[in-house]
Amino acid sequence: MKIGDLAKRTDTRVETIRFYEKEGLIPAPARNTGNYRIYEQAHLNRLSFIRRSRDLGFTLDQVRKLLKLADDRAAPCAEVDAITAANIAEIDTKLADLGALRAELVRTLERCRGETIGDCRIIEALAPTNRSLSSGARPSDE
């Protein structure tokens with residue numbers, strides 16, 4: 001199959017497929033006489049594995065390690081477990097951060113009872129403080 005067909009079947013952009021090839025995550029396909037890349041079922045399977053892994057939040061480095069481990073079917077799965085546990089810990093951290101972010105936005109929204117933008121507590125909370133503007137720093141830099 002051509003790269004466009006592979007892209008459609010895996011819901012992946014052509015540029016992303018080329019990037020994965022460049023990164024060595026997908027082996028370079030053979031080319032036909034017209035110099036078009038010709039992808040096989042193995043490419044489709046590998047790209048599907050990458051896409052599913054990325055959808056589950058694994059980093060490219062983790063995907064690279066998982067692919068290497070998947071290529072050695074006799075290897076113990078302890079390292080796969082460790083990579084997965086690390087990913088779960090990262091997800092837990094993100095969930096906690098999102099929970100704190102949500103709580104802050106809820107508190108800000110509850111305090112906003114202005115009828116005009118001039119009285120809006122949300123706009124006020126988002127605006128830089130005078131101290132931040134005078135020092136040239138953004139609030140997140142402090």
Side-chain angles (χ1 to χ4, degrees), residues 1-112 114 116-142:
M1 77 188 88
K2 292 183 181 177
I3 196 167
D5 298 325
L6 182 64
K8 285 178 189 168
R9 290 184 66 181
T10 59
D11 195 27
T12 306
R13 293 182 10 205
V14 168
E15 296 81 12
T16 302
I17 295 171
R18 289 185 182 135
F19 171 77
Y20 289 156
E21 284 178 31
K22 182 180 170 200
E23 290 292 311
L25 297 172
I26 300 173
R31 292 183 179 259
N32 67 11
T33 55
N35 205 28
Y36 287 101
R37 294 174 171 95
I38 301 300
Y39 294 89
E40 306 292 333
Q41 183 66 41
H43 292 100
L44 176 64
N45 293 347
R46 195 160 179 98
L47 182 56
S48 296
F49 182 98
I50 293 167
R51 289 290 306 192
R52 180 71 176 135
S53 299
R54 296 292 287 149
D55 287 346
L56 290 172
F58 289 99
T59 66
L60 277 181
D61 190 46
Q62 289 172 324
V63 171
R64 188 175 282 106
K65 290 175 185 174
L66 290 170
L67 285 168
K68 185 176 178 182
L69 291 165
D71 288 340
D72 183 3
R73 305 298 286 178
C77 69
E79 194 170 347
V80 173
D81 293 347
I83 293 167
T84 302
N87 190 39
I88 291 168
E90 182 65 28
I91 290 168
D92 288 343
T93 299
K94 288 178 183 177
L95 286 171
D97 291 347
L98 285 171
L101 177 63
R102 183 185 188 286
E104 179 64 24
L105 287 172
V106 167
R107 280 191 301 274
T108 302
L109 182 60
E110 288 171 348
R111 288 192 314 248
C112 188
T116 65
I117 293 296
D119 297 327
C120 182
R121 296 291 178 237
I122 296 170
I123 296 296
E124 183 180 308
L126 296 174
T129 63
N130 289 335
R131 186 173 60 110
S132 295
L133 290 175
S134 63
S135 68
R138 296 184 328 219
S140 62
D141 293 339
E142 297 178 338

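Just so it is clear, the model here is predicted, and its values are computed rather than measured. Side chains are part of it too, since the values below use all heavy atoms of this structure and drop only hydrogens, waters and symmetry mates. For this chain, numbers begin at 1 and follow the sequence in order.
The side-chain heavy atoms of Val63 and Leu67, taken from C-beta on, include a pair separated by under 4.5 Å. Using a 4.5 Å heavy-atom threshold, the side chains of Phe49 and Leu66 count as touching. Side-chain contact check for Leu6 versus Thr12: every heavy-atom pair is 4.5 Å or farther apart. For the pair Leu60 and Tyr20, the minimum side-chain heavy-atom distance is below 4.5 Å. The closest side-chain heavy-atom distance from Ile3 to Arg18 is below 4.5 Å.
Residue pairs meeting the side-chain hydrogen bond (donor to acceptor under 3.5 Å, both in side chains) criterion with at least one partner in residues 77-105, sequence neighbours excluded, are Glu104-Arg107. Applying the salt bridge (Lys or Arg N to Asp or Glu O under 4.0 Å) test to residues at least two apart or on different chains, the pairs with a partner in residues 58-68 are Glu23-Arg64, Asp61-Lys65.
The shortest heavy-atom contact between Pro27 and His43 is O-NE2, 3.1 Å. When every heavy atom of Gln62 is checked against every heavy atom of Gly57, the shortest pair comes out as OE1-O, 4.2 Å. Of all heavy-atom pairs spanning Glu40 and Met1, the tightest one is O-CE, 4.2 Å.
Note that CZ of Phe19 is 10.5 Å distant from CD1 of Ile26, once rounded to the nearest 0.5 Å. Taken to the nearest 0.5 Å, the CD1 atom of Ile122 stands 11.0 Å off from the CD atom of Glu124. The CG atom of Leu25 lies 11.5 Å from the OG1 atom of Thr16; values are rounded to the nearest 0.5 Å. If you take OH on Tyr39 and NZ on Lys2, they are separated by 12.5 Å, rounding to the nearest 0.5 Å. Put simply, OG1 on Thr10 and CG on Asn45 are 11.0 Å apart, with the number rounded to the nearest 0.5 Å.
The closest donor-acceptor contact from the side chain of Arg13 to the backbone of Ile17 lies at 3.5 Å or more, if one exists at all.
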